[in-house]
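Have a look at the structure below before the remarks.
Model, not experiment: these values are computed from the prediction. Both counts, for ligands and for their atoms, begin at 1 and track the order of listing.
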Amino acid sequence: MERTAILNWLREESEARLSDLWREADAVRRENVGDDVHLRGLVEVSNHCLRSCAYCGLRAPNRALDRYRMAADEVLACARQAVELAYGTLVLQSGEDYGLTRDWMAGLIRCIKSETPLAVTLGLGERPDEDLVAWREAGADRYLLRFETSNPTLYHRIHPPLRAVAGSGHASRVTRHASAIPRLALLRRLRDLGYETGGGVMIGLPGQTYADLAADILLFRDLDLDMIGVGPYLPHPATPLGRHSASRTPHSAFGQVPNSELMTYKVVALTRLVCPWANIPSTTALATVNRESGRELGLARGANVVMPNLTPPQYRALYEVYPAKACLFEPPEAFDAALKRRIIALGRTIGTGPGPSRKHHPAAPAASAHDRGVPCLP
Ligand code: SAM
Ligand code: SF4
């Protein structure tokens with residue numbers, strides 16, 4: 001699909017024509033990654049962050065936020081719960097927190113890999129090469145690092161570089177390449193290290209144009225990503241962007257992309273069309289803008305992954321990336337049972353095992369849980 005076609009779809013308003021896009025994305029999803037919906041247990045390991053991203057509630061200057069860092073045995077308890085719920089992957093996500101040291105993380109990854117059959121996905125921000133190497137050697141399988149926008153000017157406006165971080169070891173490298181997007185270089189490096197790599201963007205960032213968003217989608221293809229996460233930008237009042245976005249966001253007539261539910265479905269569907277093999281989550285941000293059916297509509301319009309939150313209840317509300325996040329209070333067992341029922345009701349099947357990238361495992365059968373005779377419901 002070419003840039004013009006992507007731009008036309010992003011601007012399309014006709015429900016009848018959009019239903020063709022949803023149908024096509026769903027067909028391409030079925031053909032390439034099958035009917036399985038892979039469930040990845042999410043653990044928000046720490047909300048400490050030394051960054052000052054202009055959009056995120058975890059940013060270091062947000063002094064109103066109580067900070068936490070989970071203990072290793074708490075994370076391991078979440079890993080055991082993921083196994084009990086028959087999830088195949090554990091996603092360890094956090095702010096950019098050097099309190100999660102290279103050795104501590106490597107030890108934790110080793111424990112999870114030796115005690116469970118789980119694949120381990122990391123989303124710990126921009127860490128030095130030595131950390132990424134050590135964690136891969138410890139057995140981590142995948143790394144998520146959204147590049148947020150492919151427009152370098154917008155990127156640097158919302159994602160300031162680290163100036164000096166004692167002990168982080170990479171501040172100077174980031175500043176030297178200030179004109180480029182450091183997260184793109186990191187994604188390439190992660191792939192070279194053998195990680196399955198995941199990127200993505202926020203939709204409707206103030207200052208993001210339709211041309212930017214079309215370029216983001218084409219970049220997903222150029223980067224040959226295994227996993228692609230897209231979700232609406234949701235303003236957080238304790239951030240520079242959130243404080244000013246309501247008054248400063250130009251009207252869509254001037255080329256500003258809206259941070260709407262509909263725009264998110266368009267991007268999910270177009271992403272599926274340009275990256276047929278990718279694992280694409282129906283994100284919590286989407287479920288936040290439509291609590292009733294956002295997750296299902298994402299799955300029906302190109303997505304094939306959901307990431308149920310396994311973070312212990314005492315920490316969940318503190319991982320406040322944006323306000324009013326969906327599923328803050330649901331216990332994992334209740335959420336899991338309801339989610340699996342809703343997936344089955346969509347005519348889809350529950351994925352079993354780690355659900356790796358089909359690109360890395362082209363011989364992996366697309367067979368569903370039903371085909372394998374595996375019960376889908378507890
Ligand atoms: N610190 C790691 C990083 O930045 O990659 C991982 C955690 S960070 C909270 C995960 C993702 O949350 C970011 O990549 C960003 O896309 C998303 N995010 C942050 N603030 C957001 C906001 N206000 N609205 C929607 N998504 C947001
Ligand atoms: Fe920190 Fe990630 Fe939030 Fe940026 S997006 S402030 S790196 S947690």
Any idea which atoms of ligand 1 are less than 4.0 Å away from a heavy-atom of [X]?
X	result
Y319	7 (C), 9 (C)
R183	3 (C), 4 (O), 5 (O)
G125	2 (C)
R146	14 (O), 16 (O)
E148	13 (C), 14 (O), 15 (C), 16 (O)

Quiz item: Will you find, in the side chains of R272 and N304, an N or O donor that is under 3.5 Å from an N or O acceptor?
Solution: yes

Taking the six-membered ring of [Y] (Phe, Tyr or Trp), confirm whether the NZ or CZ of [X] is under 6.0 Å from its centre and within 45° of its axis.
X	Y	answer
R11	Y210	yes
R136	Y195	yes
R127	Y143	no

Practice problem: Give the numbers and elements of all ligand 2 atoms closer than 4.0 Å to a heavy atom of R59. | Solution: 6 (S)

Quiz item: Atoms of ligand 2 less than 4.0 Å from R51 heavy atoms?
Solution: 1 (Fe), 7 (S)

Quiz item: What about Y55: any of its N or O atoms under 3.5 Å from an N or O on ligand 1?
Solution: yes

Exercise. Could you pull out, from G123, P160, G95, the option with a heavy atom nearest to atom 8 (S) of ligand 2?
Key: G95

Among all the protein's non-hydrogen atoms, which is closest to [atom], and how far away is it?
atom	result
atom 25 (C) of ligand 1	P232 O, 3.4 Å
atom 1 (Fe) of ligand 2	C49 SG, 2.2 Å
atom 4 (Fe) of ligand 2	C53 SG, 2.3 Å

Quiz item: Under a 4.0 Å heavy-atom limit, does M202 contact ligand 1 with its side chain, its backbone, both, or neither?
Solution: side chain

Practice problem: Answer yes when D20 and R23 have at least one side-chain N-carboxylate O distance shorter than 4.0 Å, and no when they do not. | Solution: yes

